[in-house]
**Q** 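One structure, pasted below without further comment.
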Amino acid sequence: MRKTIRRSVLLFAFAVDTVRAVNNGLARTPPLGWNNWNSLGCDVSAELLLDTASRLVSLGLMDVGYKYTVLDDCWSDGRDDNGRIKVDLKRFPDGMSSVSARIHDHGLLFGMYSSAGHMTCARGEGSLDHEVADAQSFAEFSIDYLKYDNCYSKGRAGSASETFARYETMAEALNKTGRPIVYSLCNWGEDFVMSWGVSIANSWRISGDIYDSFSRPDDRCSCTENDPSSPWCVSPGAHCSVLTILNKIAPYADRGQPGGWQDLDALEVGLGGMTDDEYIAHFSLWAALKSPLLIGADLRTLSPEALAILNNPAVLAISQDVLGVPATRVERNTDVPKDRYGVGETHIWSGPLSGGDQVLIFLNAANTDLEMVAYLEDVFVGQGPSCSAPQCNQDWVVHDLWGSRMDDKVAKELLEKSKSREDAARILQAANHYNASSLPYKEGLEKLDIRLLGTKVDEISARGSLSIKVKRHSAKVFRLRPKLGITGKRYNHFKDEL
Ligand SMILES: *[C@@H]1O[C@H](CO)[C@@H](O)[C@H](O)[C@H]1NC(C)=O
Ligand SMILES: *[C@@H]1O[C@H](CO)[C@@H](O)[C@H](O)[C@H]1NC(C)=O
């Protein structure tokens, strides 16, 4: 039994090393950054982007890894006589290359947006049938990331091959420019993208647009009433809650891999529609599922509480873990108290991390506080059912990843006083906050940096379980670390030792 399991772990590691996704060498861990859409929609300008870039720096967000500053829809102004897309000079008076250069000056990266349609969703110029010219323009703007949407596809959708072809054309056009550009495919999870996105893109959206609600069902995010997880579901729409998106991805949560990630959409943290606990759950699950993490809040009005969620290095270390294996749902219970929409359920999500660690998340989306239990047998079902996995047969130490969240006072000081990277460094170093620019997550984990490992709170014995009280609409987020057993050895993914 053990032998079989070891062999399958090795084969899996082999597959991860040799099969390269889109093959542009990018997004080996999920991209981290900011996108204006969730908070600002079409209210974009050069000033907004430059102000945001300097805030990513002065709030210390760049130094925990948030690098991509992504401009969404509403930046174009038709095409010129040569068919080249024109930048709206009212919003971007010095042109896009100037914005790009100034973002790069901060050490940040720049992303833009278009649609695989004749128009973008806000009815700007789309790139369908203009892929080569537009990719050339994007390369001339020196972009590092392209979000490629799905509006106005002229009916060239409805089957995997038609949609694949539309997105592949841009993938090839980007590649031909010779500039490394993260390709963020956004076709809302239609046409089985979970089965082909990895071949051409660094990430692909799996649902309609998120909205700032934890669990409220909405008709516009269709496919929720009868079978939320059905890949046959068409017209995914918008107004998808955090819970709806999780239920949608659960059956194929494991499809992400280094170079190609499943995109659960930009973050709503800090927009105001959810409680602090709900935002913690949202952020932690997006990190554990290895979604790109693009901050959706307006950094000019960010609250200290939201900043102290977004900059939690212990959770970002889960997102940026080099093993790159998304957590999957190992248990779902719908037999719990419901709210007035009829919504109520609990989930347990778990997945392997580098060095033999494991992330474990208890999500309480029921309408009451609950005692939840996770059994090692379920947590390690991916490594072998019925506790056949070696991991099920050893003791674990439980670390709480929200145990040392930044104090609101420090977050407030950053928001009110910091104007530069030097200011941020002074405030953050005094608070002993993690700096991923000086100590990348991989090295910090190898050095067992306590700021990444979290706070030790409990232990689980071999073949045992962890029982914990979880408040209504919140998550408990843990890193499990193997406890050295009687043999003095512990299971390790890389060394394959037991
Ligand atoms: C283009 O594709 C080739 C083949 O997959 C790859 O080796 C190369 O790195 C890509 N270049 C860019 C700029 O993405
Ligand atoms: C993080 O480390 C880099 C490189 O050592 C340094 O330049 C920067 O000021 C530090 N930032 C913070 C916020 O401490």
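If you read the sequence from its start, that first residue is 1, and numbering goes on from there. Every heavy atom of this structure was used, including side-chain atoms; hydrogens, water molecules and symmetry mates were not. Both counts, for ligands and for their atoms, begin at 1 and track the order of listing.
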**Q** Do we see a donor-acceptor contact under 3.5 Å between the side chains of W286 and D265?
**A** no
**Q** Identify the closest protein heavy atom to atom 10 (C) of ligand 2: which residue and atom is it, and at what distance?
**A** N435 ND2, 2.5 Å
**Q** Under 4.0 Å from a heavy atom of L428: give me the atoms of ligand 2 that qualify, with their elements.
**A** 13 (C)
**Q** For atom 4 (C) of ligand 2, what is the closest protein heavy atom, and at what distance to 0.1 Å?
**A** S438 CB, 4.0 Å
**Q** Give me the nearest non-hydrogen protein atom to atom 7 (O) of ligand 1 as residue plus atom name, then the distance to 0.1 Å.
**A** N23 O, 4.0 Å
**Q** Specify side chain, backbone, both or neither for H433, according to which of its non-hydrogen atoms lie closer than 4.0 Å to ligand 2.
**A** neither
**Q** Looking only at protein heavy atoms, identify the closest one to atom 13 (C) of ligand 2 and say how far it is in Å.
**A** D63 OD2, 3.4 Å
**Q** With heavy-atom distances below 4.0 Å as the criterion, list the atoms of ligand 2 near Q429.
**A** 14 (O)
**Q** Which ligand 1 atoms are under 4.0 Å away from a heavy-atom of G178?
**A** 13 (C)
**Q** Working note: R166 + E131, criterion salt bridge (charged side-chain N to carboxylate O under 4.0 Å, His left out); need CA distance, chi angles, decisive distance, verdict.
**A** CA-CA 9 Å; R166 235 177 342 117; E131 291 87 352; over 6 Å; no
**Q** Any atoms of ligand 2 less than 4.0 Å from a non-hydrogen atom of A425? List them with their elements.
**A** 9 (O), 12 (C), 13 (C), 14 (O)
**Q** Of the protein's non-hydrogen atoms, which lies at the shortest distance from atom 1 (C) of ligand 1, and what is that distance?
**A** N175 ND2, 1.4 Å
**Q** For this output row, return yes or no: ring centroids of Y167 and Y148 closer than 6.0 angstrom.
**A** yes
**Q** Looking at E416 and K412, does any basic side-chain N land under 4.0 Å from a carboxylate oxygen?
**A** yes
**Q** So how far is it from L56 CG to H106 NE2, rounded to the nearest 0.5 Å?
**A** 9.0 Å
**Q** Should the pair D134-R79 be classified as a salt bridge under the 4.0 Å nitrogen-to-oxygen rule?
**A** yes
**Q** How far does OG of S76 sit from NZ of K86, to the nearest 0.5 angstrom?
**A** 10.0 Å
